[in-house]
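Right, one structure below, let's go through it.
Reckoned from all heavy atoms, side chains included, excluding hydrogens, waters and symmetry mates.
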Amino acid sequence: MSTVSPSVVSAKPSAPTPPTASAGAELALHGVRLGHPDGVAVPGPVDLRIAPGELLTVVGPSGCGKTTLLRTLAGLLPPLEGRVTQDGKPIRRPDADRALVFQHDALLPWRSVRANVELPLAIRRVPRAERRRSAGEWLERVGLGGHARKLPHQLSGGQRQRVQLARALAARPRAVLMDEPFGALDAHTRAGMQDLLVEILRGTGATVVFVTHDVDEAIHLGDRVALFATGDVLDVPHPRVRDARQAPDTAALRRRVLDSL
């Protein structure tokens, strides 16, 4: 656990690439103290606004509260103090508007790939024919159209993460909360998943909060990057442009992020 975690205060967010649908949710924390009621609180109150359609990456040392932040935004964990809101309304419980994507795929092993993707639609009581059609479309989008009848154990780690991504987005959430979703993948597969995520999110308008330990991943994907241990929230100069890695302003940002860890 980091011993010092000053208040995270957001500057005016940089404008993300305008989505074709304005479906994204505004997420905000107002004087929030994060932590478990029966555990250790994360030091320092958090004040942060995540704009609709923004992709915010979050980095920080282990134990600084990144996963706790996601669980609080998801409505799984109440704040110890302060308010957490979506579009100005308090978040008090989980909601289909907010999808969680984990590092470990969390697929149900006894359900087929297609049935796993259909699950959030079934929970919302979407008619069977419609959810089957939607699941099929999402599996095509993530490149797994021919794997619908397989069970999760028959897929590679990267393929299972593709299924999890399809499942998270099939219900068209307005916010996607991602907890190191590519952390267990090899470098080549990870880069491919990053590109796939960017491609799929384009046009959805969804707001994304993406926790990662990988500094280059944070700088590549984010419109802004939150340094959770220091309280800084920084604009990314060239979000989602791989050729910009060696640009002077990108290199300067990378040094600043590394210094915060």
> Name the one of Q103, Q194, E217, K66 that satisfies side-chain hydrogen bond (donor to acceptor under 3.5 Å, both in side chains) with T212?
Replying inline: E217
> Quick one: do D232 and R256 make a salt bridge, cutoff under 4.0 Å?
Replying inline: yes
>> Donor-acceptor pair, distance only, cut-off 3.5 Å: does the side chain of S260 make one with the backbone of G60?
In response: no
> How many angstroms lie between CG in L177 and CZ in F210, if you round to the nearest 0.5 Å?
Replying inline: 12.0 Å
> Is there a donor-acceptor pair closer than 3.5 Å between any side-chain N or O of D97 and the backbone N or O of R174?
Replying inline: no
>> Tell me if the CG atom of D243 is crowded by more than 12 foreign heavy atoms within 6.0 Å.
In response: no
> Minimum heavy-atom separation for A206 to P173, with atom names?
Replying inline: CB-O, 3.9 Å
> With a 4.5 Å heavy-atom cut-off, do R114 and L139 have their side chains touching?
Replying inline: yes
> Do the side chains of M178 and V211 get nearer than 4.5 Å, heavy atoms only?
Replying inline: no
> Are I91 and L27 close enough that some pair of their side-chain heavy atoms sits under 4.5 Å apart?
Replying inline: yes
>> Within the structure provided, determine whether L169 and T204 are in side-chain contact (heavy-atom separation under 4.5 Å).
In response: no
> What is the distance from atom CG of L196 to atom CZ of R162, rounded to the nearest 0.5 Å?
Replying inline: 5.0 Å
> Judged by atom type as modelled, is there a donor-acceptor pair below 3.5 Å linking the side chain of T207 to the main-chain atoms of A175?
Replying inline: no
> Which residue, H147, Q154, H153, forms the side-chain hydrogen bond (donor to acceptor under 3.5 Å, both in side chains) with K150?
Replying inline: H147
>> If you define the side chain from C-beta out and look only at heavy atoms, does anything of V101 sit under 4.5 Å from D179?
In response: no
> Looking only at heavy atoms, which two atoms of T189 and G158 are closest? And how far apart?
Replying inline: CG2-CA, 3.9 Å
>> Can a donor-acceptor pair be found, under 3.5 Å and without considering hydrogens, that links the side chain of R49 to the backbone of A28?
In response: no
> Does any N or O in the side chain of R245 come within less than 3.5 Å of the main-chain N or O of T250, such that one atom is a donor and the other an acceptor?
Replying inline: no
>> Can you give me the closest heavy-atom contact between R242 and H220, atom names plus distance?
In response: CG-CE1, 3.4 Å
> Is the backbone of E81 close enough, under 3.5 Å, to the side chain of R33 for a donor and an acceptor to pair up by distance?
Replying inline: no
>> For A218 versus V59, what's the shortest heavy-atom pair and its separation?
In response: CB-CG1, 3.5 Å
>> With a 4.5 Å cut-off on side-chain heavy-atom distances among I, L, V, M, F, W and Y, is there a chain of contacts connecting V225 to L261?
In response: yes
>> With heavy-atom distances below 4.5 Å as the criterion, would you say the side chains of L77 and T68 are in contact?
In response: yes
>> Check whether Q164 reaches the backbone of F102 with its side chain - one donor and one acceptor, N or O, closer than 3.5 Å.
In response: yes
>> Using modelled atom types and a 3.5 Å cut-off, is there a donor and acceptor pairing between side-chain atoms of D249 and backbone atoms of P237?
In response: no
>> Any non-hydrogen side-chain atom of F228 less than 4.5 Å from a side-chain atom of L34?
In response: yes
>> Please give me the minimum heavy-atom distance between G53 and D223, naming the atom from each residue.
In response: O-OD2, 4.4 Å
>> I'd like to know if R240 pairs up with D195 as an ion pair, taking the criterion as any Lys NZ or Arg NE/NH1/NH2 lying under 4.0 Å from an Asp or Glu carboxylate oxygen.
In response: no
> Looking only at atom types and distance, does a side-chain atom of R131 sit under 3.5 Å from a main-chain N or O of V126, one as donor and one as acceptor?
Replying inline: yes
> D235 and L253: which non-hydrogen atoms are nearest, and at how many Å?
Replying inline: O-CD2, 3.9 Å
> With side chains defined as the heavy atoms from C-beta onward, is the minimum distance between T72 and L70 less than 4.5 Å?
Replying inline: no
> Sub-3.5 Å donor-acceptor pair from the side chain of E140 to the main-chain atoms of E137, do we have one?
Replying inline: no
>> Set out, in order, the CA-CA distance, both residues' side-chain angles and the distance that settles side chain to side chain contact (heavy atoms under 4.5 Å, CB included) for L48 and L56, then state yes or no.
In response: CA-CA 11 Å; L48 176 65; L56 177 77; 3.9 Å; yes
>> Are L151 and V142 connected into the same hydrophobic cluster when the rule is that any two of I, L, V, M, F, W, Y join if their side-chain heavy atoms are below 4.5 Å apart?
In response: no
